[in-house]
Amino acid sequence: MKKWFKNADGQVRSGWKIILAFGLMNILAGIFMLPVIIFMFAKFGTNEVSVDVSMDRPIPSLLLMLAQLLGVTLTVMIFLKKEKKKWSDVGVTSLHSQGKNLLLGLFLGAASIVFVTLIMMATKQITLTPAKVHLTDLGIYFISFIFVAANEELFFRGYVISALKQTKSFPLIYLVSCLVFGAVHIPNPHVHPLGIINVFMIGLLFAYMFIQTKSLWMSAGYHLTWNFIQGSILGFNVSGNAGNGFFHIKGADNIWTGGSFGAEASIWTTVVILLGLFITKKFTQFAGGSNIDIGEKL
């Protein structure tokens, strides 16, 4: 039993660390979310409660995203203290040294979703018709998506990859972190097989960004602008959750458009993820980035 739980060096196995951290994160996030959920039950009824970014309920959505982030942050803090690690070990580094990486991430996320949309429009797979958006709500959605990017990057890249480092295997680090990230999106509304494959692939891209830069800034930047422009500007669904942007999207539900899951289930997204991997590789090589030494701390 002890060997099953701990490795030869006496460390808790990385898989158990991830499972325990994931469980604690959900418990703590649930505690922080409880007051917001109770309010939403009382105000809107049972059918209106969602723990995802809701374009119909921007303020409760913002508070739920904040609660999730608090749960993730406290969980990572507890595990870092237990494992005697620093925040920099999970990619929380100074922005001063990571500004160029953040800017690249923000640019790539925005350019990728705009490119996917233009391709769909040019091939007449979708049409966009104008819709009304309240600018105050837009600001709330932007902050909500900052919380989403911070929350998911800190846990699924920062902590998960940091825990997997002890395996001393790059294939395992990439594979397991991507599988975990893909698996948590399976219960999402309107789930598509290609959507989950692309979530796995974007998990690979974000893991690569993290490993190359030893920081979360690039992947968080991409995550933010991809989600925000996709859902709050263009009006696509975001991983199955309803979008509310400046446009209504009309198109067939197939692998070209992503349908009700959103652009993340489109074959064009697969293409831009692969392009993102290539651009990230060239950028980090040019900027002097390199793969982590598996013997070093992340």
Side-chain angles (χ1 to χ4, degrees), residues 91 93 98-123 145-146 148-158 160-161 170-171 173-182 184-185 192 194-234 236-239 255-258 261-292 298:
T93 57
Q98 290 288 329
K100 65 182 184 302
N101 292 327
L102 173 61
L103 289 174
L104 178 68
L106 291 168
F107 171 76
L108 279 181
S112 295
I113 187 59
V114 170
F115 177 76
V116 166
T117 305
L118 291 175
I119 288 288
M120 290 183 190
M121 291 174 65
T123 54
F145 280 122
I146 289 176
V148 171
N151 159 7
E152 295 190 357
E153 293 311 304
L154 179 57
F155 188 80
F156 294 106
R157 252 62 62 185
V160 169
I161 290 178
F170 274 115
I173 289 173
Y174 281 114
L175 179 63
V176 174
S177 65
C178 296
L179 283 174
V180 172
F181 188 56
V184 299
H185 287 79
H192 281 214
L194 183 56
I196 297 303
I197 291 170
N198 280 344
V199 170
F200 175 93
M201 291 289 294
I202 209 157
L204 176 65
L205 172 60
F206 290 165
Y208 184 71
M209 288 176 169
F210 175 63
I211 288 170
Q212 288 293 101
T213 65
K214 303 182 186 179
S215 171
L216 295 173
W217 288 106
M218 187 186 291
S219 59
Y222 190 117
H223 205 147
L224 168 60
T225 52
W226 172 273
N227 279 347
F228 176 69
I229 294 175
Q230 179 182 200
S232 299
I233 302 296
L234 297 172
F236 284 100
N237 286 0
V238 181
S239 299
I255 65 168
W256 302 105
T257 67
F261 191 75
E264 287 159 0
S266 166
I267 195 71
W268 300 117
T269 294
T270 313
V271 173
V272 298
I273 292 169
L274 294 173
L275 283 172
L277 282 164
F278 176 78
I279 292 168
T280 301
K281 179 179 180 181
K282 293 300 180 183
F283 178 84
T284 52
Q285 285 177 343
F286 179 78
S290 61
N291 283 326
I292 58 168
L298 286 172

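A quick note: this is a predicted structure, and the numbers were derived from the prediction, not measured.
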Next item on the list: Run through Phe145, Phe206, Phe156, Trp217 and flag the one making a ring-ring contact (aromatic ring centres under 6.0 Å, His included) with His223.
Entry: Phe206
Notebook entry, point to check: Rounded to the nearest 0.5 Å, what separation is found between the NZ atom of Lys100 and the OG1 atom of Thr284?
Noted result: 10.0 Å
Notebook entry, point to check: Does any N or O in the side chain of Glu264 come within less than 3.5 Å of the main-chain N or O of Ser239, such that one atom is a donor and the other an acceptor?
Noted result: yes
Checklist line | Point-to-point distance, once rounded to the nearest 0.5 Å, from SG of Cys178 to CD1 of Ile161 | finding: 7.5 Å
Item checked: Atom pair CZ (Phe181) and CD1 (Ile196), whose distance is rounded to the nearest 0.5 Å -> 10.0 Å
Notebook entry, point to check: If we only count heavy atoms from C-beta on, is the Trp256 to Thr123 side-chain gap below 4.5 Å?
Noted result: no
Note to self: Could you walk me through whether Thr93 and Lys214 satisfy the side-chain contact (heavy atoms from CB on, under 4.5 Å) test, starting with their C-alpha distance in whole Å, then the side-chain angles of each, then the deciding distance to 0.1 Å, before giving a yes or no?
What the structure shows: CA-CA 8 Å; Thr93 57; Lys214 303 182 186 179; over 6 Å; no
Next item on the list: Might you work through the side-chain contact (heavy atoms from CB on, under 4.5 Å) test for Thr270 and Ile197, ending with a clear yes or no?
Entry: CA-CA 9 Å; Thr270 313; Ile197 291 170; 5.9 Å; no
Notebook entry, point to check: Roughly how far apart are Glu153 CD and Leu224 CG, rounded to 0.5 Å?
Noted result: 10.5 Å
Note to self: I'd like to know if the side chain of Ser266 reaches the main chain of Gly258, judged simply by a donor and an acceptor atom lying under 3.5 Å from each other, with no hydrogens or angles considered.
What the structure shows: no
Note to self: With rounding to the nearest 0.5 angstrom, report the CD to CG distance, Gln212 to Asn101.
What the structure shows: 10.5 Å
Residues 107-119 side chain polar contacts: donor-acceptor under 3.5 Å, at least two apart:
| from | atom 1 | to | atom 2 | distance (Å) |
| --- | --- | --- | --- | --- |
| Ser112 | OG | Leu108 | O | 2.6 |
| Ser112 | OG | Tyr222 | OH | 3.1 |
| Thr117 | OG1 | Ile113 | O | 2.8 |

Item checked: Least distance between heavy atoms, Gln230 atom then Gly262 atom -> OE1-C, 4.1 Å
Notebook entry, point to check: Nearest heavy-atom pair of Leu216 and Arg157: which atoms, and what distance?
Noted result: CD2-CB, 3.8 Å
Notebook entry, point to check: For the atom pair OG (Ser232) and CG (Asn227), what is the distance rounded to the nearest 0.5 Å?
Noted result: 9.0 Å
Next item on the list: Could you walk me through whether Leu175 and Phe200 pass the side-chain contact (heavy atoms from CB on, under 4.5 Å) test, one step at a time?
Entry: CA-CA 9 Å; Leu175 179 63; Phe200 175 93; 4.1 Å; yes
Next item on the list: Side-chain contact test, heavy atoms from C-beta onward, threshold under 4.5 Å: evaluate it for Ile202 versus Thr269 and give yes or no.
Entry: no
Notebook entry, point to check: Could you go step by step and tell me if Ile233 and Phe228 meet the side-chain contact (heavy atoms from CB on, under 4.5 Å) rule?
Noted result: CA-CA 7 Å; Ile233 302 296; Phe228 176 69; 3.9 Å; yes
Next item on the list: Flag the pair Thr280 / Leu205 as yes when at least one side-chain heavy-atom distance between them is below 4.5 Å, and no otherwise.
Entry: yes
